[in-house]
Structures are given as structure tokens and as C-alpha cells.
Number of protein chains: 2
Amino acid sequence: MQLDERKTKILQAIIRNYLETGEPVGSRTISKYTDLNLSSATIRNEMADLEEMGYILQPHTSAGRIPSDKGYRLYVDTMMEDREREVIEMKEMLVERQDKMETLLKQVAKVLAQNTQYATMISAPQTHHNKVKFIQLSRVDANQILAVIVVEGNVIKNNILSVAQELSDETLLKLNILLNTHLNGLSMEEINLGMIAAMKQQAGIHSDIVGEVIDAVAEAIKADEDLEIYTSGTNNIFRYPELADQQKASELINTFEEKQQLTGLVQEALADESSETGIQVYIGNETPVQSMKDCSVVTATYELGEGMKGTIGIIGPKRMDYDKVIHTLRTLQTQLDELYNTDKK
Amino acid sequence: MQLDERKTKILQAIIRNYLETGEPVGSRTISKYTDLNLSSATIRNEMADLEEMGYILQPHTSAGRIPSDKGYRLYVDTMMEDREREVIEMKEMLVERQDKMETLLKQVAKVLAQNTQYATMISAPQTHHNKVKFIQLSRVDANQILAVIVVEGNVIKNNILSVAQELSDETLLKLNILLNTHLNGLSMEEINLGMIAAMKQQAGIHSDIVGEVIDAVAEAIKADEDLEIYTSGTNNIFRYPELADQQKASELINTFEEKQQLTGLVQEALADESSETGIQVYIGNETPVQSMKDCSVVTATYELGEGMKGTIGIIGPKRMDYDKVIHTLRTLQTQLDELYNTDKK
DNA sequence: GTTAGCACTCGAGTTCAAGGAGTGCTAACA
DNA sequence: TGTTAGCACTCCTTGAACTCGAGTGCTAAC
């Protein structure tokens with residue numbers, strides 16, 4: 001069987017209607033809804049075909065039809081209109097110039113959740129590919145040393161370490177020079193054992209302290225291997241009856257709380273380069289996170305220059321407003337881009 | 001009417017039973033449950049009295065009784081046995097030596113939630129009363145300066161600031177000395193405008209840059225005025241049917257997400273010094289957070305030396321296991337204390 | 001003061017019928 | 001040959017009536 005133009009129009013109408021109401025839609029509704037001027041009987045025939053083809057399904061006999069995952073998929077891939085919508089100017093809300101990355105990301109997640117009425121997540125840009133820009137040890141106390149490491153993208157990590165024996169100003173200066181000459185310009189992965197050994201040797205009598213220091217530096221650098229994820233709008237799921245029952249709500253909320261469960265989403269989004277826009281749509285079982293099998297997930301990757309890539313995700317019911325979500329994410333991508341660039345100036 | 005011994009025993013039995021089951025408890029149950037050897041009829045008479053006195057109430061005629069807020073209050077204040085319980089050794093789980101305060105607190109919240117099966121929150125110790133210990137400016141780039149501020153308790157704040165004109169090494173050194181001499185040993189509140197003006201003057205031709213720098217420092221210091229709160233176990237509320245309906249669940253989850261709504265709890269807990277143990281119990285409407293009017297909240301303050309005080313909260317149904325929760329919190333208090341002290345070594 | 005007994009209340013759960021939305025099929029129509 | 005009207009059928013939803021049982025309050029007897 002072929003999906004001719006009329007079938008397409010009917011399917012589109014079914015999906016649109018279902019997106020709005022969340023109720024199964026019957027033939028009579030469609031017959032009035034569209035400009036096809038067909039009777040409900042004809043629509044019924046077509047609907048039977050569409051069901052056979054797997055685009056829609058009936059929750060039970062004598063109920064209307066709802067889109068299947070396959071139907072949504074078709075809709076997202078080919079049937080969405082690129083209708084212009086007023087997207088609330090998120091930038092305005094964002095540019096209160098949050099210096100801290102963390103606050104910015106939290107803010108983005110929140111604004112996005114308010115905007116879309118879905119649950120949102122955003123992963124902090126991964127930085128362990130970034131190069132070390134600057135290292136400094138300073139003495140805070142007689143036996144406490146503060147290590148500050150700045151990497152590209154102005155991400156700052158720091159660590160306080162206790163040393164058994166007091167270091168002189170001179171030693172500290174030497175160590176600073178040693179660390180900077182060896183490590184500057186290297187990415188975190190490039191720092192290896194051989195290099196550390198070499199540095200220890202050069203440090204001479206202070207080699208044990210260097211060891212301590214380097215360990216601390218390495219630790220500070222590695223600290224955020226497990227990526228930070230911020231979420232917002234979790235309780236928006238209660239807006240959609242199909243997700244709001246105890247079982248599902250509990251699972252979803254758990255997923256949002258145990259954020260590492262969301263890493264799968266981030267990996268997937270970053271890995272899949274198929275779409276040039278960096279926007280992906282996962283419908284139902286397509287999503288890599290088990291607890292979201294009754295949801296749809298839209299992810300977008302963003303980039304804050306210098307290769308700092310992160311992922312934004314919107315999680316809602318299958319009948320989410322794909323047009324709006326995708327459009328919003330696009331806008332957000334460009335706005336984050338602009339924000340980063342004006343930031344540079 | 002007087003609350004004699006028998007009435008007390010019966011009330012206690014009602015509460016105990018209700019804590020376990022969550023169901024209204026009837027006279028027959030009590031008559032068998034206790035060692036009083038009274039018939040259900042007698043119990044009924046006593047229950048009528050207890051109801052009149054306001055300790056218990058009936059959801060509807062012909063249902064059993066449930067404790068009122070007043071009943072719970074009496075129970076918590078006077079009737080709890082200090083029965084020894086096995087509290088799972090949280091310390092073991094904590095002492096994986098989390099250097100970062102943040103990770104430690106998140107861990108505490110999580111372990112506590114797993115332990116008690118309630119929702120938990122923990123506020124980061126407030127540091128703006130603490131004294132500045134160390135300030136350092138370093139040049140990262142031609143026109144980027146890194147400001148690092150360490151305050152008592154080894155809390156580190158940092159900020160990258162852009163300067164229009166490049167600063168020489170010498171200027172930087174001067175500025176560092178200037179900042180340290182003026183600000184060291186002061187708490188954040190003690191830094192005022194007059195002092196800043198004086199510093200600007202001393203900086204001479206660099207006064208504008210000093211302004212910038214000090215603004216940045218002030219900003220970095222003030223950054224965490226709004227206190228950090230970490231939560232865990234939100235979805236535990238679904239374990240208790242009386243909290244799990246859509247309306248309440250949604251509100252509660254929202255409160256946990258919009259963490260600033262929890263600040264009320266923290267303020268209250270820190271303010272109220274009535275109990276020497278630092279443990280407070282809020283039942284139903286007693287809680288300062290509106291959305292928790294159907295819950296009970298137990299808070300404990302903890303102290304990590306050097307005046308860094310924070311708050312731990314456990315939020316559950318009114319029929320929470322007060323004994324266990326309070327006991328667990330006590331243990332946690334001492335363990336955090338020990339952890340801090342071994343940390344110092 | 002305690003208890004047995006009994007009538008009564010009220011919610012939870014079940015059954016049943018009515019109502020309605022929606023379907024599939026058939027036959028007639030253009 | 002495609003479209004449509006019509007009709008019987010299915011199945012969910014709603015609400016009323018009913019039963020059941022837990023629990024109560026009250027009274028009278030012990």
C-alpha cells in the first residue's frame with residue numbers, strides 16, 4: 001500500500017489533533033477538521049489503511065486512533081511545517097551576565113522548562129579535552145598549598161593540599177615554573193606517567209612534594225570526568241496525564257534526580273552526528289534511557305567555542321509540540337553562540 | 001479531662017500502629033495490640049475521650065482514628081522510646097574522602113535518603129561570616145586576571161576578570177599586597193565602601209583598575225549569598241500514598257526543585273536554638289514551608305568547625321518513623337564532626 | 001468501672017444499565 | 001470505481017443501586 005497525499009493529510013490531521021488534546025481522535029473529527037471535504041466513512045476507510053500500515057493504532061476497538069511511534073517518526077521527519085512562532089526571547093533572560101558557567105546552565109534549563117512546559121536537562125561542556133592554560137601554587141598557610149588550574153574556556157579548578165614540610169617562597173616559585181613549562185598547552189589526557197616521572201626527577205630533593213602536588217593537580221583535573229548535568233521542570237510531567245501516574249512519574253523523577261542516568265542521553269546526542277543541526281529526536285523506545293520509553297526526547301548539542309560541547313535535552317510526552325521544541329532549541333543554540341561571542345569581547 | 005496513664009498507653013498504641021500501617025486504626029486492633037487486656041468497647045470509650053481532647057481524629061464516622069498534629073507532637077515530645085536501633089554505618093559510605101564540599105554534601109543527602117526512605121535536603125554551610133584568609137590575583141592572559149579568594153574553612157572562590165589595559169608584573173604584585181593588607185582577616189560583611197575608597201586612593205594611577213578588581217572580588221565573595229541546597233530521595237514521597245497524589249506530589253517536587261523555597265527551613269532551623277541538640281521537629285502546619293503542610297519535617301544543624309553551620313532536613317509523611325529519623329540525624333551529626341576533625345589532621 | 005451486644009454510619013467495591021463515541025461493513029449512489 | 005449513508009456492533013464511561021465490612025456510639029447488664 002502506498003502513502004498517497006490524502007493519507008498523508010489525514011495522518012497529519014490525526015497527529016495534530018492528538019498533540020493538542022491527548023485524546024484518541026475519531027473519524028468524524030477529522031472529517032470536519034480538514035479541508036478535504038470527505039465524510040467520516042471515507043476517513044474511516046483511510047484510517048483502517050493507515051492502521052494496517054502501522055502509522056496509527058487503536059487503544060481498543062470503538063476508540064479513536066492515536067499515532068504510533070512510527071507515525072510520530074514520520075511526522076517529525078517529513079510532515080512538520082516550519083511555521084514561524086513567537087519564541088519568547090530567552091536571550092533577554094539569559095544575558096543577566098552570569099559569569100559562572102554553573103549558574104548560566106541552571107538558568108538555561110530553567111528558562112527552557114518554563115518556555116516549553118516540558119522537563120529539561122543540560123550537560124556542562126566537557127572540558128577534559130581542553131588544554132591547560134595556567135597553573136599556580138600559592139601558600140595559604142604554613143602547610144597548606146592552594147593549587148589553581150585554569151584550562152581553555154576559562155574553566156577554573158582548584159584544590160587545597162596539605163604538605164608535611166613547609167615550602168620556601170623560592171621552592172614554590174621553582175615548582176610553579178616547573179609545572180607551567182611542562183604542562184601548559186597539554187590537554188588532560190596528554191599528561192602521562194612518564195612526564196610526571198621526569199618532573200619529579202627535575203624537582204630534585206623536593207621530588208616527594210612534587211609527587212603530592214602533581215597528584216593533586218591530576219585529581220583536580222580529573223575531578224569532573226563524570227559530567228555535570230542540570231535539570232529543571234521535572235514536575236511539568238504532571239501536566240500530561242499519560243505520564244502522571246504514580247509508577248511512571250516516580251521512575252521519571254528518579255531518573256532526573258540520579259542524573260548519571262541521563263549521561264546515556266548526552267553520549268548519544270554527542271555521538272550521533274547525522275543531523276547537521278545537532279538536533280535529534282527520540283520517540284518512545286528510541287530513547288537510550290529506559291525510564292523514558294513513554295516519552296519523547298529532543299536533544300541539541302551546543303558549543304561554546306574552543307571545542308566545549310554540551311547537550312541540551314527536552315523530555316516530554318510523545319505528543320510533544322515538536323515544532324515548537326525544535327524551533328526553540330535552534331534559537332537557543334544561536335543565542336548561546338552569540339552570548340559566548342559577546343562574552344569574548 | 002486528664003491524660004492518665006491508660007489514655008497515654010492507648011494513644012501511644014494508636015500512633016505506633018498508624019506509623020506502621022498508614023491506615024486509620026480501630027478499637028479492636030488496639031484491644032488486641034496492647035497488653036492492657038481491655039475490650040474494644042472500653043478502648044472506644046477512651047478513644048472518644050482522646051478525640052475530645054484533640055489528640056486523635058476520625059477521617060469520617062465509622063473509620064478508625066488517626067493521630068492529629070497535636071497527637072504527633074505529644075508523641076515526639078514525650079512518648080518516644082529511645083530504643084536502640086541498628087543505624088547503618090553511614091560513616092563508611094561517607095569517608096571515601098570527598099575533598100570537595102559539594103560532593104560530600106550531595107553524598108550525605110543521598111545516603112540519608114537511602115537510609116531513611118524519606119526525602120532529604122542539606123544546606124551548604126554559610127560562609128559569609130567567615131574571614132578572608134588569602135587573596136591572589138594572577139595574570140592568565142594579556143588582559144585576563146584570575147582572582148582567587150580563600151576564606152576560613154578553606155572555601156575557595158574565584159573569578160576571571162578582563163582588564164582593558166595590560167598590567168605589569170610589578171603592578172600585579174603591588175595590587176596583591178594592597179588587597180591582602182587591607183582585606184585579610186576581615187569577614188565579608190566588614191568590607192565596606194570607605195575601605196574600598198581608601199584602597200583606590202592608595203592604588204594611585206591604577207585606581208580604576210583597582211575598582212574593577214575590587215568589584216570582582218566583592219562579587220566573588222557575595223556570590224553565594226543565596227545558599228546552596230542539595231536534595232535527594234525526592235521520589236521517596238511516592239512510597240506514602242497520603243503524599244503521592246498528583247496535586248501534592250507535584251507541589252512537593254516543585255519545592256525540591258526550586259530549592260530556594262527550602263531556605264525558610266534552613267533559616268528556621270538555624271535560628272531556633274531551643275533544643276540543645278540542634279534537632280527540630282515540625283509537624284504538619286508547623287513547618288515554615290507551605291507545600292509541606294501535609295508532611296513532617298525534621299531538621300538538624302551541623303557544624304564543621306570554624307563556625308561553618310549548615311542544616312540537614314528530612315521530609316516525610318506525618319507518620320514518619322520519628323525515632324529512627326532523630327537517631328539517624330544524631331549519629332550523622334557526630335560522624336560529620338569526626339569526619340571534619342580527622343580531616344584536619 | 002468494664003464489657004457484651006446491637007443498631008447505625010459510611011466508605012469501598014461490585015454490579016448493572018444507560019449513554020455515547022467510534023468502528024466495520026454493506027449497499028446504494030455518482 | 002471511489003464515495004457516502006446507514007446500521008449493527010463494540011466497548012468505555014458514568015452513575016445509580018447495592019452489598020459488605022469495619023468501626024462506632026450507646027445502652028444495659030455484670
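Proteins get letters first, then strands, A, B, ... in listed order; numbering begins at 1 in each. What you see is a predicted model, and the numbers here were worked out from it, not measured in a lab. Computation of the quantities below employed the complete heavy-atom set of this structure, encompassing side-chain atoms and omitting hydrogens, waters and symmetry-equivalent molecules.
For B:Glu23, there are no salt bridge (Lys or Arg N to Asp or Glu O under 4.0 Å) partners, not counting sequence neighbours. B:Arg319 is linked by a salt bridge (Lys or Arg N to Asp or Glu O under 4.0 Å) to B:Glu242, counting only residues two or more places apart in sequence or in another chain.
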Open item on the list: What does the B/S/- profile of nucleotides 1-15 of chain D look like, 5' to 3', with a 4.0 Å heavy-atom cutoff to protein?
Closed with: --SBBB---BBS---
Pairs of donor and acceptor atoms involving the side chains of residues 56-65 of chain B, under 3.5 Å and at least two apart or interchain, shall be tabulated with distances.
from    : atom 1 : to      : atom 2 : distance (Å)
B:Gln58 : NE2    : B:Ala63 : O      : 3.1
B:Arg65 : NE     : B:Glu51 : OE1    : 2.8
B:Arg65 : NH2    : B:Glu51 : OE1    : 2.9

Side-chain polar contacts of residues 290-299 of chain B - donor-acceptor pairs under 3.5 angstrom, sequence neighbours left out - could you list them?
from     : atom 1 : to       : atom 2 : distance (Å)
B:Ser291 : OG     : B:Thr255 : OG1    : 2.6
B:Ser296 : OG     : B:Tyr322 : OH     : 2.8

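Here the C1' atom of nucleotide D:dT24 and the CZ atom of B:Arg65 are 7 Å apart, to the nearest Å. In this structure, B:Lys32 atom NZ and D:dA22 atom P are separated by 10 Å, rounded to whole Å. The CD1 atom of A:Ile66 sits 16 Å away from the C1' atom of C:dA21 (whole-angstrom rounding). Separating the CD1 atom of B:Ile10 from the C1' atom of C:dG1 is a distance of 13 Å, rounded to the nearest angstrom. Distance CD1 (A:Ile43) to P (C:dT23): 10 Å, rounded to an integer number of Å. In this structure, the CZ atom of B:Arg28 is 14 Å from the P atom of D:dG21, given to the nearest Å. What separates CE of A:Met47 from P of C:dG24 is a distance of 8 Å, to the nearest Å. In this structure, A:Glu51 atom CD and C:dG24 atom C1' are separated by 11 Å, rounded to whole Å.
Side chains of A:Tyr118 and A:Arg239: a donor-acceptor N/O pair is absent below 3.5 angstrom, by distance only. If you check the side chains of B:Thr42 and B:Ser39, you find a donor sitting under 3.5 Å from an acceptor.
In terms of modelled atom types and a separation under 3.5 Å, the side chain of A:Lys259 and the main chain of A:Met121 share no donor-acceptor contact. Here the side chain of A:Ser31 pairs no donor or acceptor atom with the backbone of A:Ser27 at under 3.5 angstrom.
The overall bend of the helix from C:dG1-D:dC30 to C:dA30-D:dT1, read as the angle between its terminal helix axes built from five base pairs each, is 10° when rounded to 10 degrees.
Distance check, rounded to the nearest 0.5 Å: CG of A:Leu38 to CD1 of A:Ile30 gives 11.0 Å.
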